**Student:** 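Sharing a structure below in structure tokens format, with a few things to ask.
Keep in mind that this is a model prediction, so the values were computed, not measured. Hydrogens, waters and symmetry mates are skipped; everything else that's a heavy atom, side chains included, is used.
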2 protein chains.
Amino acid sequence: MSRRSGILEFAVLGLLRESPMHGYELRKRLNTSLGVFRAFSYGTLYPCLKALVASGWLIEEPGSAPEDARAASLAGRRAKIVYRLTAEGKEHFEELLAHSGPDAWEDEHFAARFAFFGQTSRDVRMRVLEGRRSRLEERLEKMRASLARTRERLDDYTLELQRHGMESVEREVRWLNELIESERTGRDMRKGSAPQDTSGDADGIPRDGDSSRPGPSDDTTK
Amino acid sequence: MSRRSGILEFAVLGLLRESPMHGYELRKRLNTSLGVFRAFSYGTLYPCLKALVASGWLIEEPGSAPEDARAASLAGRRAKIVYRLTAEGKEHFEELLAHSGPDAWEDEHFAARFAFFGQTSRDVRMRVLEGRRSRLEERLEKMRASLARTRERLDDYTLELQRHGMESVEREVRWLNELIESERTGRDMRKGSAPQDTSGDADGIPRDGDSSRPGPSDDTTK
DNA sequence: TTCGTCATGTAATGGGTTACATGATTAC
DNA sequence: GTAATCATGTAACCCATTACATGACGAA
């Protein structure tokens with residue numbers, strides 16, 4: 001009878017912990033700010049919100065009604081239903097944050113976890129980062145093994161695809177190594193530290209500065 | 001009444017075009033050799049095969065029966081049901097290869113297309129690569145815009161996640177640029193060309209040479 | 001003879017999107 | 001007053017996984 005997606009539930013709870021919001025805005029945050037890692041549609045989000053309310057993690061509040069307009073000082077936006085995290089919800093989220101089980105190192109789950117590292121204790125952060133890393137190293141070994149086994153009977157394109165895939169994974173491992181090192185040495189995120197990777201903007205990516213696009217909506221629904 | 005996954009259908013047809021196979025083996029190829037990009041389970045594969053047979057793209061052949069053992073000279077493996085591409089199936093696959101619609105630039109779809117570039121005409125290859133690239137550039141612009149809009153109100157971890165995500169996309173764009181250049185100048189895949197990226201094994205990935213793992217199965221089912 | 005892998009299948013379930021239906025509010 | 005965007009929802013479908021059921025073969 002419910003939509004227990006895990007990752008969506010987690011992300012919603014996490015976003016609402018920062019501040020109450022209504023569904024529409026929530027979805028935008030999911031897809032942009034926090035996003036990149038996953039786009040959810042309303043058909044997923046709204047039922048999930050209802051389920052969370054039913055569980056007692058959230059309560060619905062009527063958004064500023066037409067009458068008491070301008071009551072909303074900062075958001076400047078009228079809203080229908082604002083969702084607010086309950087005490088139980090907060091507690092529940094805290095528990096979720098503390099867990100660092102094997103599910104937490106899968107691609108999307110990991111991204112969601114990482115996005116809320118700001119509210120996660122250092123030791124849990126370490127466990128998650130290291131878990132993710134060894135997950136990726138497993139994957140790498142499998143890829144290497146399979147590549148070694150089949151190398152000769154594959155055409156160049158298949159090979160190239162595989163090579164690129166492996167490099168992507170290796171790159172993420174390096175990234176995790178840096179992050180883990182950062183955590184270990186205590187400096188809290190490489191804020192202004194020297195970019196030792198020349199990463200910035202090195203190569204031939206056409207800037208193609210067409211910012212004059214109509215861009216009517218921020219919405220990723222399409 | 002059927003399982004028209006598109007990408008699975010495409011991949012199955014493509015693999016069977018090279019040589020007839022039975023389901024079990026097909027799945028392994030999907031997950032390893034050709035794989036990396038997607039793992040399908042039997043619950044997906046078998047019904048799909050049935051559907052393809054019903055469509056007339058495939059025919060089932062009895063695999064070498066217990067009696068006439070050793071009939072299978074090369075594969076050295078007994079098989080139950082071997083699937084073979086029909087003439088219509090071949091034709092159908094050819095058509096699919098020729099299409100280069102917008103669906104073809106989405107992540108998984110693109111990987112599947114790329115895996116069969118060996119059987120794709122050069123101009124279609126170009127269209128797919130360029131389509132993919134502009135798809136990614138769109139995505140980049142969106143990310144940049146959203147980042148610019150929200151930069152200050154995000155914590156360091158969220159920011160770092162976003163930065164890493166963008167770099168990943170930028171990296172794929174560079175990769176595509178190289179591939180497109182290769183196609184354009186005619187040299188057919190950077191076969192033995194000098195690795196201009198020092199890619200090989202540069203950075204701190206612990207080799208962790210534990211090849212003595214039990215590793216009972218190649219199976220990615222888990 | 002038992003265990004591991006090869007091999008084929010199906011029903012229940014999960015998790016999500018699409019398309020649709022509806023309406024309020026703002027900007028022009 | 002009309003178009004665009006904000007805002008909420010639902011039903012129908014899609015794609016795929018999980019867990020289960022079944023069985024043959026080879027090696028220890």
Side-chain angles (χ1 to χ4, degrees), chain A residues 1-11 21-31 38-51 53 60 62-70 72 75-83 103 106 108-109 214-222, chain B residues 1-12 21-31 38-51 53 60 62-67 69-70 72 75-83 103 106 108-109 214-222:
Chain A
M1 183 195 271
S2 43
R3 301 274 185 183
R4 291 285 150 120
S5 155
I7 133 153
L8 178 55
E9 181 177 315
F10 177 78
M21 264 180 284
H22 53 264
Y24 191 88
E25 195 182 347
L26 208 39
R27 177 174 180 268
K28 281 210 303 198
R29 299 283 309 266
L30 244 35
N31 296 337
R38 183 76 202 240
F40 289 99
S41 62
Y42 297 123
T44 314
L45 178 57
Y46 285 120
C48 171
L49 285 171
K50 294 297 177 190
V53 169
E60 300 182 342
S64 43
E67 288 76 23
D68 67 298
R70 175 176 327 91
R77 287 247 150 276
R78 150 240 60 162
K80 281 276 176 61
I81 304 177
V82 171
Y83 292 92
D103 18 327
E106 295 313 311
E108 297 190 339
H109 218 315
S217 171
D218 199 36
D219 208 328
T220 328
T221 318
K222 199 210 182 166
Chain B
M1 181 196 270
S2 45
R3 301 274 186 185
R4 289 288 152 114
S5 156
I7 134 152
L8 178 56
E9 181 177 315
F10 178 77
V12 165
M21 263 180 285
H22 53 265
Y24 192 87
E25 194 182 346
L26 208 39
R27 178 175 178 267
K28 280 209 306 198
R29 299 282 308 268
L30 243 34
N31 295 339
R38 181 78 203 240
F40 288 98
S41 63
Y42 298 123
T44 314
L45 178 58
Y46 284 120
C48 171
L49 286 171
K50 295 298 179 190
V53 169
E60 300 182 342
S64 42
E67 289 73 25
R70 180 176 321 97
R77 287 244 152 278
R78 151 237 57 164
K80 283 275 176 58
I81 304 177
V82 171
Y83 292 91
D103 17 326
E106 295 313 310
E108 297 190 336
H109 219 314
S217 170
D218 198 38
D219 212 327
T220 327
T221 318
K222 198 201 179 176

**Student:** Could you tell me whether the phosphate oxygens of D/dC15, OP1 or OP2, come under 4.0 Å of any side-chain nitrogen or oxygen in B/Thr44?
**Tutor:** no
**Student:** Less than 4.5 Å apart, side chain to side chain, heavy atoms only: is that true for A/Tyr83 and A/Glu60?
**Tutor:**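 Yes, their side chains come closer than 4.5 Å.
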**Student:** From C/dT10, C/dA7, D/dT10, pick the nucleotide closest to the side chain of B/Pro47?
**Tutor:**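 Closest of the options to the side chain of B/Pro47: C/dT10.
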**Student:** Calculate the interatomic distance between A/Leu26 atom CG and D/dC6 atom C1'; express it in whole Å.
**Tutor:** 15 Å
**Student:** What is the distance, to the nearest angstrom, from the OH atom on A/Tyr46 to the P atom on C/dA19?
**Tutor:**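 About 18 Å, once rounded to whole Å.
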**Student:** Taking atom P of D/dG9 as reference, at what distance in whole Å does atom NE2 of A/His22 sit?
**Tutor:** 12 Å
**Student:** Send over the distance from A/Glu9 CD to C/dG14 P, rounded to a whole Å.
**Tutor:**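 In whole Å, C/dG14 P lies 14 Å from A/Glu9 CD.
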**Student:** In whole angstrom, what separates A/Tyr24's OH from D/dC6's C1'?
**Tutor:** 5 Å
**Student:** Side chains of A/Phe40 and A/Ile7: does their closest heavy-atom pair fall under 4.5 Å?
**Tutor:**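 A side-chain contact under 4.5 Å exists here.
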**Student:** Please confirm whether the shortest side-chain N or O distance from B/Arg27 to OP1 or OP2 of C/dA7 is below 4.0 Å.
**Tutor:**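 No, B/Arg27 has no side-chain N/O under 4.0 Å of OP1/OP2 on C/dA7.
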**Student:** Would you call the rings of B/His109 and B/Phe10 parallel, tilted or perpendicular, where under 30° means parallel and over 60° means perpendicular?
**Tutor:**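 The arrangement is tilted - the two ring planes meet at 30° to 60°.
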**Student:** Which nucleotide in the set D/dT18, D/dG9, C/dT17 lies at the smallest distance from any side-chain heavy atom of B/Ser41?
**Tutor:**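 The answer is D/dT18.
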**Student:** So do B/Leu49 and B/Leu45 actually touch side chain to side chain, heavy atoms under 4.5 Å?
**Tutor:**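 Side-chain contact under 4.5 Å: yes.
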**Student:** Quick one: which of C/dT8, D/dG9, C/dC6 gets closest to the side chain of B/Ile81?
**Tutor:**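 It is C/dT8.
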**Student:** Let me know the distance between CG of A/Leu45 and C1' of C/dT18, rounded to the nearest Å.
**Tutor:** 16 Å
**Student:** Within this structure, what is the NZ-to-P distance between A/Lys80 and D/dT5, rounded to whole angstrom?
**Tutor:**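 Between P of D/dT5 and NZ of A/Lys80: 18 Å.
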**Student:** For B/Asn31 and C/dA7, what is the distance between atoms CG and C1' respectively, to the nearest whole Å?
**Tutor:** 15 Å
